[in-house]
Amino acid sequence: MNANKIDILCDQVIDVALVVKEATNVIDNSKLSCYPQKFANRINSVVQYCYNMFMNANADKHTDAEITDLMINLMNTLVRYKNSYRPITYAYRVMNSLLDIVKNTFVELNK
């Protein structure tokens with residue numbers, strides 16, 4: 001995998017981590033009666049997935065075709081996560097933001 005694609009995947013990790021950090025701060029600073037553990041687990045899994053994909057691509061463990069497949073899988077997962085929440089909720093907006101980041105990364109990788 002070339003250095004430009006590695007940089008694109010690195011940027012994705014950073015962007016996803018920033019959205020997740022902000023979402024975690026919002027959850028921690030809110031006065032919720034019940035911590036949204038399922039949502040927290042989901043957003044943390046997205047960060048971990050992106051990080052692992054970047055690290056494996058950087059170590060030449062994935063081909064370009066495998067990265068494409070992993071990105072499609074991630075987008076599909078994020079669509080399912082997003083659609084499991086009502087559109088007016090904060091969780092829906094966070095998942096939509098994460099999906100936008102991944103879609104933009106996918107487009108950049110396939111230019």
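Worth saying up front: this structure is predicted, and the values here are computed from it rather than measured.
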Can you confirm whether [X] sits close enough to [Y] that some side-chain heavy atom of one is under 4.5 Å from a side-chain heavy atom of the other?
X: Phe106; Y: Met75; answer: yes
X: Lys61; Y: Met53; answer: no
X: Asp11; Y: Thr105; answer: no
X: Pro36; Y: Tyr90; answer: no
X: Ser84; Y: Met95; answer: no
X: Leu109; Y: Leu9; answer: yes

Decide whether [X] and [Y] meet the rule of one side-chain donor and one side-chain acceptor closer than 3.5 Å.
X: Asn52; Y: Gln48; result: yes
X: Glu108; Y: Asn104; result: no
X: Asn73; Y: Tyr49; result: yes

- Item | Glu22 atom CD, over 12 foreign heavy atoms within 6.0 Å |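 No, because the 6.0 Å sphere around CD of Glu22 holds 12 heavy atoms or fewer from other groups.
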- Answer yes if Leu18 and Ile101 sit in the same cluster of Ile, Leu, Val, Met, Phe, Trp and Tyr residues linked by side chain heavy atoms under 4.5 Å apart, and no otherwise.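 In one cluster: no.
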- Item | Evaluation steps, side-chain contact (heavy atoms from CB on, under 4.5 Å), between Tyr85 and Arg42 | CA-CA 12 Å; Tyr85 300 105; Arg42 285 177 167 184; 3.3 Å; yes
